[in-house]
**Student:** 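Below are the structure tokens for one structure; questions will follow.
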Amino acid sequence: MDISRIPTGIPGLDAMLKGGLIPGRVYLVKGAPGTGKTTLAVHFAIAGVANGENALYVTLEEPAENLKTDMRLLGFDLNDPHFTLIDATPTAERYVLISDFFEEFASNIEKMADAIKRQFQERRYTRIVIDPITMLKLTATKEMDYRRAFLSFIKTMMRLRTTVLLTSEMERTDIEEYLVNGVIELKTFSMNGRLSRGIRITKFRGSAFDDAIRPYEITERGIVVHKDRVLTLP
Ligand SMILES: Nc1ncnc2c1ncn2[C@@H]1O[C@H](COP(=O)(O)OP(=O)(O)OP(=O)(O)O)[C@@H](O)[C@H]1O
Ligand SMILES: [Mg+2]
């Protein structure tokens with residue numbers, strides 16, 4: 001394995017990425033609801049944990065307990081001590097259930113960066129997931145401010161020397177796509193009355209990549225990408 005690459009935990013996707021992601025950069029996984037963004041992000045975080053690294057996972061929509069239960073079915077143990085799960089989902093009972101970090105992680109992207117930096121005082125994380133980033137965007141009032149804050153977030157993450165995976169539900173091209181170092185897209189297609197899933201890389205700064213749409217499945221072991229098959233659309 002190329003030591004200058006960070007594996008995603010999905011072998012077929014790593015092949016498409018020519019070995020994996022480039023460490024210390026920020027990536028976006030985009031796709032419609034149910035396409036597997038969270039599953040892909042958990043693969044990435046757990047691959048680090050399996051390698052003895054620390055992973056930080058901030059969940060902004062799916063409550064931590066649900067996430068743990070769903071991911072356990074796919075064989076992922078989110079209770080591993082190297083896996084830090086922060087629940088920043090809005091809930092009426094947050095003062096009871098959620099850590100003090102809720103406000104900082106969920107209110108806007110600047111505060112998110114500060115809260116992450118504070119987490120680094122406890123331990124160093126090589127992998128971070130923010131799932132999804134969409135929530136933070138909704139709190140931004142001006143596009144220009146969001147753009148500036150997003151760029152500053154990327155710089156902070158680079159300074160922390162950590163690899164970040166953001167998920168997004170946005171269908172159209174949005175400013176995050178221009179600013180991040182790479183974009184992985186998950187799509188579903190309806191073919192002959194059946195649902196087909198396709199994954200493609202639309203951008204990967206600093207690297208060659210496989211630009212075909214490859215079929216993928218969500219199985220009881222998580223995401224499987226068929227790197228040698230092409231998704232042929234009717
Ligand atoms: N064992 C399994 N076999 C097949 N499909 C599964 C299995 N476990 C989960 N799935 C499918 O995985 C999908 C959920 O993936 P995931 O939660 O990662 O998607 P997501 O893109 O994060 O969705 P959302 O936008 O709602 O957050 C669901 O459509 C679910 O049916
Ligand atoms: Mg999700």
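All ligand and atom numbering here is 1-based and tracks the order in the structure. Heavy atoms only: backbone and side chains are in, while hydrogens, waters and symmetry mates are out. Since the structure is predicted, the reported quantities are computational estimates derived from the model, not experimental observations.
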**Student:** Determine whether D210 and K227 satisfy the following criterion, side chain to side chain contact (heavy atoms under 4.5 Å, CB included), listing intermediate values before the conclusion.
**Tutor:** CA-CA 9 Å; D210 173 5; K227 66 174 170 65; 5.5 Å; no
**Student:** Cut-off 3.5 Å, no hydrogens considered: what does the side-chain donor-acceptor table look like for residues 44-58, sequence neighbours left out?
**Tutor:**
residue, atom, partner, partner atom, Å
N51, ND2, E53, OE2, 2.7
E53, OE1, T126, OG1, 2.6
E53, OE1, R127, NE, 2.9
N54, OD1, H82, ND1, 2.8
N54, OD1, R123, NH1, 3.4
N54, ND2, R124, O, 3.1
Y57, OH, D131, OD2, 2.8

**Student:** Is it true that some N/O/S atom of T39, main chain or side chain, lies under 2.8 Å from the Mg ion (ligand 2)?
**Tutor:** no
**Student:** Please verify the inter-ring angle class for F209 with F204; under 30° counts as parallel, over 60° as perpendicular, anything in between as tilted.
**Tutor:** tilted
**Student:** Can you check salt bridge (Lys or Arg N to Asp or Glu O under 4.0 Å) on E177 and K30, steps first, answer last?
**Tutor:** CA-CA 9 Å; E177 272 187 73; K30 61 178 273 185; 2.7 Å; yes
**Student:** Give the protein residues with at least one non-hydrogen atom closer than 4.0 Å to an atom of ligand 1, ordered by chain and number.
**Tutor:** A32, P33, G34, T35, G36, K37, T38, T39, L74, R197, I218, T219, E220
**Student:** Can you tell me if OH on Y178 sees more than 12 non-hydrogen neighbours from other groups inside 6.0 Å?
**Tutor:** no
**Student:** Are any non-hydrogen side-chain atoms of I133 and I109 less than 4.5 angstrom apart?
**Tutor:** yes
